[in-house]
Amino acid sequence: MPRRQLGRLLTQLREDASVSLDAVADGLDCSRQKVWRIEKGLVPVRVVDARAMCEIYDVPAEMRTIVAGLAKETRARGWWHSYGDVVPSWFSLYVGLESSAVLMRHYDAELIPGLFQTREYAMELFRRKNPTMSGAEREKLVEVRLQRQHILVRRLPAAPVLKVVLSEAVLRRTIPDRAAMTAQLRHLLDVAALPNVSLRILPLAAGPPLASETGTFVVLDFPQPLGRASTEPTTVYLENITGALYLDKPAEVAAYDHVWSDLETLASDEVESEKMIKAIIEERA
């Protein structure tokens with residue numbers, strides 16, 4: 001993720017300065033291919049090279065600090081890499097995007113989202129998905145999911161804003177352990193109380209939303225350095241049982257923005273959503 005961000009930023013800075021790839025290669029005393037790979041986010045970047053590129057582009061001091069910081073991050077590995085192959089490569093990319101986003105909009109009609117799940121709920125989902133998986137592997141997957149949740153309360157960088165719309169069916173679709181499901185619903189209320197989290201419920205009585213045709217999705221927005229366009233485009237994440245899709249073309253993002261607007265129109269507000277969750281908890285008592 002930092003490589004992609006830095007590559008886009010350096011490309012933008014080079015183009016703003018009207019400098020060619022060949023000129024950068026001459027300045028760095030390297031091949032044109034190396035500069036291209038840096039801009040495409042394919043390789044880690046040495047801080048000395050990043051600073052040299054800023055010098056060539058006559059970048060202001062404040063932006064040079066940002067570029068150097070990103071260059072340092074390109075040589076680091078995310079915390080999720082310590083869990084090895086238990087985290088597939090297609091999902092590793094998502095965790096990197098999630099950890100860098102400033103705003104996430106999430107719709108789900110089937111399950112409690114991973115950032116809201118309790119250990120017991122997550123464990124049951126992984127057990128059903130792959131009943132032959134060893135207990136140790138399942139525990140690693142659950143730990144990754146719980147570790148991801150820390151972004152909602154982190155201080156540096158600032159925690160992202162998370163907006164979630166859940167179908168009422170998600171609240172009523174229980175796991176075998178009824179006490180664990182009740183605890184999961186209570187946990188929803190706790191997370192929704194965070195100042196950076198908005199949770200709204202789409203009542204079944206509201207009728208089918210446009211999202212009936214999209215299924216579960218997440219829209220991620222990223223920071224804009226010093227008033228420039230974001231170095232990472234708004235991305236729509238769609239997950240399935242064998243992998244995931246990452247959509248970032250303007251027309252694709254616009255289509256999901258339209259779906260999200262429809263969800264916000266149909267969903268109950270936060271106060272009414274809280275009342276609905278509490279009512280379902282009482283029904284289960």
Side-chain angles (χ1 to χ4, degrees), residues 1-82 84-85 87-104 156-157 160 218-238 243-256:
M1 176 64 186
R3 294 179 191 180
R4 288 160 52 110
Q5 286 185 313
L6 180 58
R8 292 178 191 273
L9 181 56
L10 288 173
T11 300
Q12 186 178 356
L13 293 173
R14 178 178 62 77
E15 292 175 347
D16 288 349
S18 299
V19 177
S20 69
L21 285 175
D22 290 327
V24 181
D26 289 341
L28 296 181
D29 193 22
C30 69
S31 67
R32 187 176 189 274
Q33 180 71 5
K34 176 180 176 179
V35 179
W36 180 85
R37 289 173 65 82
I38 287 174
E39 291 192 353
K40 295 302 180 182
L42 300 177
V43 294
V45 182
R46 297 188 307 164
V47 174
V48 65
D49 287 337
R51 287 175 174 159
M53 295 170 87
C54 286
E55 185 71 26
I56 295 170
Y57 308 149
D58 194 24
V59 173
E62 190 174 358
M63 178 58 75
R64 294 188 187 202
T65 301
I66 293 174
V67 170
L70 277 174
K72 291 178 183 178
E73 291 185 33
T74 67
R75 309 188 74 82
R77 290 170 64 85
W79 59 264
W80 53 94
H81 289 289
S82 64
D85 293 340
V87 181
S89 58
W90 57 264
F91 188 67
S92 179
L93 173 59
Y94 176 73
V95 179
L97 292 172
E98 181 181 72
S99 66
S100 300
V102 293
L103 169 63
M104 292 184 284
L156 291 174
V218 185
V219 182
L220 304 102
D221 290 292
F222 302 94
Q224 299 180 358
L226 296 183
R228 292 174 173 267
S230 174
T231 54
E232 189 72 19
T234 297
T235 301
V236 180
Y237 173 74
L238 306 171
L245 289 176
Y246 296 85
L247 310 177
D248 60 12
K249 294 180 180 178
E252 295 169 332
V253 174
Y256 280 86

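Because the structure is a prediction, the values reported are computed rather than measured.
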Which distance, rounded to the nearest 0.5 Å, do you find between the [atom1] of [X] and the [atom2] of [Y]?
{"X": "C30", "Y": "R37", "atom1": "SG", "atom2": "CZ", "value": "12.0 Å"}
{"X": "K34", "Y": "L42", "atom1": "NZ", "atom2": "CG", "value": "13.5 Å"}
{"X": "D16", "Y": "D58", "atom1": "CG", "atom2": "CG", "value": "12.0 Å"}
{"X": "L13", "Y": "I66", "atom1": "CG", "atom2": "CD1", "value": "9.5 Å"}
{"X": "L245", "Y": "L238", "atom1": "CG", "atom2": "CG", "value": "5.5 Å"}

Note, [X] side chain near [Y] side chain (heavy atom, < 4.5 Å):
{"X": "K72", "Y": "V47", "value": "yes"}
{"X": "V19", "Y": "V24", "value": "yes"}
{"X": "L9", "Y": "L70", "value": "yes"}
{"X": "R51", "Y": "E55", "value": "no"}
{"X": "L220", "Y": "T234", "value": "no"}
{"X": "C54", "Y": "M63", "value": "no"}
{"X": "M53", "Y": "V67", "value": "no"}

For the residue pair [X] and [Y], what are the closest heavy atoms and their distance?
{"X": "A101", "Y": "P160", "answer": "O-CB, 3.4 Å"}
{"X": "V218", "Y": "M104", "answer": "CG1-CB, 4.4 Å"}
{"X": "L28", "Y": "A52", "answer": "CD2-CB, 3.4 Å"}
{"X": "R64", "Y": "V59", "answer": "NE-O, 2.6 Å"}
{"X": "S100", "Y": "P223", "answer": "O-CD, 3.4 Å"}
{"X": "P233", "Y": "D248", "answer": "CG-OD2, 3.7 Å"}

Heavy atoms from other residues, nucleotides or ligands near CG of D22 exceed 12 (cutoff 6.0 Å):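 For D22, atom CG is crowded (more than 12 foreign heavy atoms under 6.0 Å).
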Please report the C-alpha distance between V43 and I38 in whole Å, then the side-chain angles of each, then the deciding distance to 0.1 Å, and finally whether the side chain to side chain contact (heavy atoms under 4.5 Å, CB included) criterion is met. CA-CA 6 Å; V43 294; I38 287 174; 3.9 Å; yes
Let me see the working for L247 and T235 under side chain to side chain contact (heavy atoms under 4.5 Å, CB included), right down to the final yes or no. CA-CA 6 Å; L247 310 177; T235 301; over 6 Å; no
Looking at Q12, R8, R14, which one forms a side-chain hydrogen bond (donor to acceptor under 3.5 Å, both in side chains) with E39?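 Among the candidates, only R14 passes.
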Taking the inter-plane angle between the rings of Y237 and Y246 on a 0 to 90° scale, is it parallel (under 30°), tilted (30 to 60°) or perpendicular (over 60°)? tilted
